[in-house]
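Down below is the structure, laid out as structure tokens.
For this chain, numbers begin at 1 and follow the sequence in order.
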Amino acid sequence: MTAFLIENMAPIMFGALVLFLLLGYPVAFALAANGLFFALLGIELGLFRPDFLQALPERVYGVMNNDTLLAIPFFTFMGLILERSGMAEDLLDTIGQLFGPVRGGLAYAVIFVGALLAATTGVVAASVISMGLISLPIMLRYGYDRRLASGVIAASGTLAQIIPPSLVLIVMADQLGRSVGDMYEGAFIPGLVLALLYALYVFGVSVFFPAAAPGLPPEAQTLRDADGQTRRLSVLVVTVISGVIGYLVIKNFTKVGAGADFVVLTMTVAVAVSFAIAVINKLLGLGLLSRMAEQTVFVMVPPLGLIFLVLGTIFIGLATPTEGGAMGAAGAVLLAIAKRRLTWDLMRQATESTAKLSAFVVFILVGARVFSLTFFGVSGHVWVEHLLTSLPGGQVGFLIFVNLLIFVLAFFLDFFELAFIAVPLIGPVADKLGIDLIWFGVMLGVNMQTSFMHPPFGFALFYLRSVAPREPYKDRVTGKMMDPVTTGQIYWGAVPFVVIQLIMVALVLLFPSMVMHYKSSGPVVDQKKAMEQLNNLTPNMDDGPPALDFGAPPKIQ
């Protein structure tokens with residue numbers, strides 16, 4: 001028995017951890033308890049050196065001293081302040097009016113606002129709860145299929161997982177030992193593509209099942225000019241003019257050539273131009289913009305300005321992610337003050353929730369440090385490496401296996417647990433196989449997004465269930481009795497979006513350039529010029545080695 005334990009300590013330790021987690025034991029304490037128990041067992045069997053435990057205090061201090069993790073409370077606080085300051089409500093109301101007459105227009109508005117909230121909050125709970133409270137009653141009022149409505153809201157909220165500034169990308173970068181800025185830049189395009197895939201699904205539903213996603217009736221469209229016209233074309237004109245000016249300014253007056261930083265900076269200039277047009281039009285009473293265009297600009301500018309404050313400064317290298325998070329938190333407070341919605345109660349709630357989430361993350365990370373110390377001490381990393389590198393198919397086989405493993409584990413674990421338990425084990429193997437860790441981290445981030453949507457334990461589904469009507473209710477606008485949203489409808493509504501998320505994982509696998517563009521923003525070396533400089537520094541060897549002249553010998557007195 002002793003020989004069997006010594007030979008198989010690593011897989012037994014990993015199996016015990018899975019058992020603890022399936023029993024519902026708190027993750028942080030399951031990790032720490034497993035680490036300490038197997039450390040004592042390993043010492044007794046002569047497999048684990050006792051002096052390894054002396055490194056434990058230093059590891060715990062390293063968690064508390066990690067500057068990168070400071071970004072988590074900053075972005076969490078920013079998201080909670082924005083969610084409670086009414087920004088989501090203003091966005092959903094205005095964008096819903098903009099897309100309303102189109103079939104599936106409210107669903108498009110939810111996806112669009114979900115992407116914006118993801119880029120300003122990075123917190124899934126805030127996005128899902130906000131959109132569930134605001135959009136779900138409106139979608140049900142105008143006849144949306146309950147499965148489509150609940151699925152769109154839950155899936156759009158999970159965009160906060162992959163669109164920067166995502167909390168999971170911060171943790172992923174920390175665990176893989178890579179730059180958070182690079183991880184953000186690499187995830188930018190996959191996040192936008194995923195939002196487009198959601199919109200394509202809604203388009204398909206609206207074409208083949210038009211009754212499931214109707215447009216808003218005329219009486220629900222209140223943003224009209226004095227003559228009763230909406231003039232949505234005015235919004236398109238302002239968007240095109242602002243976009244062209246932004247593109248020309250960045251292209252001709254900066255050295256930014258491509259990538260996520262080019263997109264963010266172009267968008268920033270475009271937002272500033274559109275805001276200037278709207279302000280001048282309002283102050284001078286020019287009447288160039290319709291009421292809808294003016295309202296759209298004024299509602300969109302604050303979140304887009306915050307996106308530049310956070311992501312723009314990170315992408316152009318002006319600020320670290322931690323500093324960007326601090327500026328974002330300060331910007332969210334200023335926006336709440338400007339809207340006259342900042343109260344002491346709001347600050348208290350946001351601070352308490354931030355403290356709870358930050359403590360939750362730190363406790364899991366401390367437990368993961370204890371577990372990993374023992375796991376490495378009993379050569380668990382060697383067992384994992386041999387297990388994964390011996391898979392058939394090399395890199396491809398490894399990637400397929402890892403994605404299947406993460407997808408299955410996501411049924412039981414959330415993204416923090418996956419990032420702290422699984423990533424430290426598979427990251428070094430990926431690095432040894434020559435896989436770019438930024439690309440690998442973004443791919444895993446998209447895969448882990450399914451942990452929020454998996455029936456029956458998806459947290460986004462729980463968040464939506466907490467705000468969706470459980471009993472028949474009377475609609476406050478129409479006065480009609482409405483049926484409730486059942487748990488089964490929420491679960492079935494989530495299934496197509498889980499499939500879309502898996503399609504996105506496949507796209508990242510098949511088209512790595514979606515992520516690898518982050519390297520284009522680095523310094524470019526002119527190889528020809530570098531070789532010329534090297535040749536100038538190197539002596540010409542065609543004439544043989546240089547003569548060694550030590551000078552005349554000294555005279556002996």
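Checked by atom type and distance alone, the side chain of Ser513 never pairs as donor or acceptor with a backbone atom of Met516 at under 3.5 Å. Formation of a donor-acceptor pair under 3.5 Å by the Tyr144 side chain with backbone atoms of Pro214 is found in this model. Listed for the Ser466 side chain is a donor-acceptor partner under 3.5 Å among the backbone atoms of Tyr463. Ser179 places a side-chain N or O within 3.5 Å of a backbone atom of Asp182 that can act as its donor or acceptor partner. At least one donor-acceptor pair closer than 3.5 Å links the side chain of Ser451 to the backbone N or O of Met448. Proximity of a side-chain donor or acceptor of Arg146 to a complementary backbone N or O of Pro484 within less than 3.5 Å is detected. Glu294 places no side-chain N or O within 3.5 Å of a backbone atom of Arg291 that could act as its donor or acceptor partner. Side chain of Gln489 to main chain of Thr486: a donor-acceptor pair is present (N/O by atom type, distance under 3.5 Å, no hydrogens or angles).
Between Pro302 and Leu335, the closest heavy-atom pair is CB-CD2, 3.6 Å. Minimum heavy-atom separation, Val485 to Ala468: CB-CB, 4.2 Å. Counting all heavy atoms, side chain and backbone alike, Thr266 lies closest to Gly246 at CG2-C, 3.7 Å. Smallest separation of non-hydrogen atoms from Gly324 and Val310: O-CG2, 3.8 Å. When every heavy atom of Gly186 is checked against every heavy atom of Val442, the shortest pair comes out as C-CG2, 4.0 Å. Counting all heavy atoms, side chain and backbone alike, Val238 lies closest to Ser274 at CG1-CB, 3.8 Å.
The shortest distance between side-chain heavy atoms of Gln501 and Tyr198 falls below 4.5 Å.
Checking each of Thr354, Val361, Asp174, Thr322 against Ile72 for a side chain to side chain contact (heavy atoms under 4.5 Å, CB included) leaves exactly one that passes, namely Val361.
Aromatic ring pairs are classed by plane angle as parallel below 30°, tilted from 30° to 60° and perpendicular above 60°; the pair Tyr108 and Phe99 is perpendicular.
Within a 6.0 Å sphere centred on CZ of Phe203, heavy atoms belonging to other residues, nucleotides or ligands number 12 at most. Within 6.0 Å of atom CZ in Arg340, 12 or fewer heavy atoms from other residues, nucleotides or ligands are found, so the atom counts as exposed in its surroundings. The number of heavy-atom neighbours closer than 6.0 Å to CZ of Arg147, taken from other residues, nucleotides and ligands shown, is 12 or below. More than 12 heavy atoms of other shown residues, nucleotides or ligands fall within 6.0 angstrom of atom CZ in Phe407.
For the atom pair CG (Asn403) and CG (Leu509), the distance works out to 5.5 Å, reported to the nearest 0.5 Å. Between atom CD1 of residue Ile81 and atom OG1 of residue Thr351 there is a gap of 6.5 Å, rounded to the nearest 0.5 Å. Between atom CG of residue Leu444 and atom CG of residue Leu437 there is a gap of 10.0 Å, rounded to the nearest 0.5 Å. Taking CG from Leu148 and CE from Met139, the interatomic distance works out to 6.0 Å, rounded to the nearest 0.5 Å. Atoms CD1 and CG, on Ile170 and Leu70 in that order, are 10.0 Å from each other to the nearest 0.5 Å. Within the model, atoms CD1 of Ile438 and CZ of Arg178 stand 7.0 Å from one another, a figure rounded to the nearest 0.5 Å.
A salt bridge between Glu352 and Lys356 is absent, with no side-chain N of the basic residue lying under 4.0 Å from a carboxylate O of the acidic one.
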